[in-house]
Protein chains: 2
Amino acid sequence: MTESNTTLVRVEVLAVVLAVRPITRQVEILLWQRGRDPESGRWALPGGTLLPAETVDESMARQLAQKVDLTRVAHLEQIGVFSAPDRSPGVRSVATGFLGLVPAHEDPDLPADTGWHPLDRLPPMAFDHAEIAQRARHRLRGKLSYTNIGFALAPREFTLNALSRIYRAVLGHEVDATNLQRILTRRGMLAPTGTRAAPGPAGGRPAALYRFTVTEYRVTDPFAAFRPPE
Amino acid sequence: MTESNTTLVRVEVLAVVLAVRPITRQVEILLWQRGRDPESGRWALPGGTLLPAETVDESMARQLAQKVDLTRVAHLEQIGVFSAPDRSPGVRSVATGFLGLVPAHEDPDLPADTGWHPLDRLPPMAFDHAEIAQRARHRLRGKLSYTNIGFALAPREFTLNALSRIYRAVLGHEVDATNLQRILTRRGMLAPTGTRAAPGPAGGRPAALYRFTVTEYRVTDPFAAFRPPE
DNA sequence: ACAAAAGTGTTCGCGCTACACCCATGC
DNA sequence: GCATGGGTGTAGCGCGAACACTTTTGT
């Protein structure tokens, strides 16, 4: 209980930044390639060390803004603490992992060593970062169906078809645009903008554009069972 | 990015240990009363500092076993990192909060300064521990309906009435024992033991005893919508 | 006119809630 | 017998999946 012989550790924050990229229509993760040892050449999650005057959440937001020019992270949440004693060499280091979501069609200026990679074919990863990425993937999948977290992956305005492609990329299976509309509408999450998108080159009816009414994280379907009466 | 001028911090683990106590039929939390400054007299969550050779999860389990003789914690999960710079005086300290669940009818030997308190009328709490407790409460409520987390609150064998009282205590509203049985049975979580409980003093049909078939955490109802086909 | 793509409506079924009814035991 | 409590059955319905049908555009 005395603080004298307490071991001190380095606290770092690491972000699994995900986006559904318009070109590939896949979930991709933001990684940077290490230029020096240890683990030189391997790919790492963006992040860094906690400063004295900030919380881990503040630190994570700051580091994303500073290092990879990501100011428009639409959602940022903790996914867990990674603390295996041998997870990195040198000073004992404990990491708080985060899930960060960037809307499609955002294309931030990235440093030269930084880029997007498909989440289901990760390059050789540094330290325990692959494990953290997998945890984030799992969290995102789980929350997509009972929260409004999809808003953080969609652009500000979108057609229902485009939105269903985003859901499909995350979940890995077909998502009916029809049902998607009804479910999100019933939950009060979807509003038509009144405008329409331009039709494709082969013609076709122009799609209506929609917007999410709520742009902050919210649990929209909290109870699988044991709902409170009324 | 050099490690030379990196600030080092103390990493601690803190547990919100909850149980539905048979006497009060309420959710109660395990707290100990601080005997010295800072925050002398206030109540604190059990926990302590991370050791060099352990993960935070291992540390939490160890500290609960050592300090409050809690070896039978049926469920232990991280609920988040609490890292406000001024959350405690002295060395910068970052806490990983845990939710721990103890089955009803367990009555571990506790130190003299340690005891159970009703969760919805917390005594004066030290540091940011009240906030951590609230987070844990919220997590438990949320997960009760779509996971099997209830197993960690129930004794090894129980009547359906007793189980429904446990669910009621956590959720704060009525839970129909009839429907509870059907739902848990359908999810394959419930098995009758074949034995029966003794009837109450006023008579009445003796209740059948049940057991949970699965005694590890599992998500039983992962999709509110967008289920994968087949 | 025809193809292409979007939007609407309908059917179906599952799973949860509510509640009535039947069963077993003590007095 | 009656009171007490446990267990079973059933009706209703909200929600989501699947899919056919209609509407609007370009060629």
Side-chain angles (χ1 to χ4, degrees), chain A residues 144-148 150 157-168 171-210 219-230, chain B residues 25 144-148 150 157-168 171 173-210 219-230:
Chain A
L144 198 55
S145 80
Y146 68 95
T147 72
N148 70 339
E157 303 194 344
F158 48 84
T159 67
L160 280 174
N161 223 321
L163 189 61
S164 76
R165 276 198 300 273
I166 290 173
Y167 275 69
R168 199 170 306 151
L171 294 173
H173 63 77
E174 291 302 303
V175 174
D176 189 314
T178 292
N179 296 328
L180 182 60
Q181 179 191 25
R182 226 198 326 272
I183 290 164
L184 293 179
T185 301
R186 168 155 28 217
R187 293 178 181 175
M189 294 293 116
L190 209 56
T193 63
T195 53
R196 309 187 153 276
R205 174 172 174 176
L209 289 173
Y210 293 83
V219 175
T220 54
D221 196 346
F223 297 99
F226 317 128
R227 290 186 178 74
E230 265 75 334
Chain B
R25 292 181 179 177
L144 199 55
S145 80
Y146 68 93
T147 71
N148 71 341
E157 303 194 345
F158 48 83
T159 68
L160 279 175
N161 223 322
L163 188 62
S164 76
R165 276 197 300 269
I166 291 173
Y167 275 70
R168 197 170 306 150
L171 294 174
H173 63 77
E174 291 301 303
V175 174
D176 188 314
T178 291
N179 296 328
L180 182 60
Q181 179 190 26
R182 231 198 322 273
I183 290 164
L184 293 179
T185 301
R186 169 154 26 217
R187 293 178 180 176
M189 293 292 116
L190 209 57
T193 64
T195 52
R196 309 188 154 275
R205 175 172 169 176
L209 288 173
Y210 293 83
V219 175
T220 54
D221 198 346
F223 297 99
F226 317 128
R227 290 186 177 76
E230 266 74 335

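All heavy atoms count here, side chains included; hydrogens, waters and symmetry mates do not. Letters A, B, ... mirror the listed sequences (proteins, then strands); counts begin at 1.
- When atom types are taken as modelled, the side chain of A:T195 and the backbone of A:L209 share no donor-acceptor pair closer than 3.5 angstrom.
- Atom CG in A:D221 sits about 11 Å away from atom C1' in D:dG14, given to the nearest Å.
- Side-chain contact between A:F226 and B:I183 is present, with heavy atoms from C-beta onward closer than 4.5 Å.
- Two residues, B:P206 and B:F226, neighbour DNA chain D, and the one matched to the more 5' nucleotide by heavy-atom proximity is B:P206.
- Nearest to the side chain of A:P199, among C:dT25, D:dG26, D:dG7, sits D:dG26.
- Atom pair B:F158:CZ and D:dG7:P shows a separation of 12 Å (rounding to whole Å applied).
- Between the side chain of B:R196 and the backbone N or O of B:P206 there is at least one donor-acceptor pair closer than 3.5 Å.
- Atom C1' of nucleotide D:dA17 and atom OH of A:Y167 are separated by 17 Å, given to the nearest angstrom.
- The shortest non-hydrogen separation linking B:L144 to B:L171 is CD2-CG, 3.8 Å.
- The CZ atom of B:R227 sits 12 Å away from the P atom of C:dC14 (whole-angstrom rounding).
- The nearest whole Å value for the distance from the CZ atom in A:F223 to the C1' atom in C:dT17 is 14 Å.
- Checked against C:dG7, C:dA18, D:dG7, the side chain of A:P229 finds its nearest nucleotide in C:dA18.
- The 5' end of DNA chain D is approached more closely, in terms of each residue's nearest nucleotide, by B:N161 than by the other of B:A224 and B:N161.
- Nearest heavy atoms, B:Y146 versus A:A224: CB-CB, 3.7 Å.
- Minimum atom distance to the side chain of A:R205 is reached by C:dG7, of the listed D:dG7, C:dC16, C:dG7.
- Counting heavy atoms from C-beta on, the side chains of B:H173 and A:P229 come closer than 4.5 Å.
- Interface residues of residues 176-190 of chain B facing DNA chain C, ordered by number: B:D176, B:T178, B:N179, B:R182, B:I183, B:R186, B:R187; criterion, heavy-atom separation under 4.0 Å.
- Summarising the geometry, the separation between CZ on A:R196 and P on D:dT23 is reported as 14 Å, rounded to the nearest angstrom.
- A donor atom on one side chain and an acceptor atom on the other are not found under 3.5 Å apart for A:T178 and A:R182.
- For B:A225, the listed nucleotide lying nearest its side chain is D:dG16; candidates were D:dG16, D:dG7, C:dG7.
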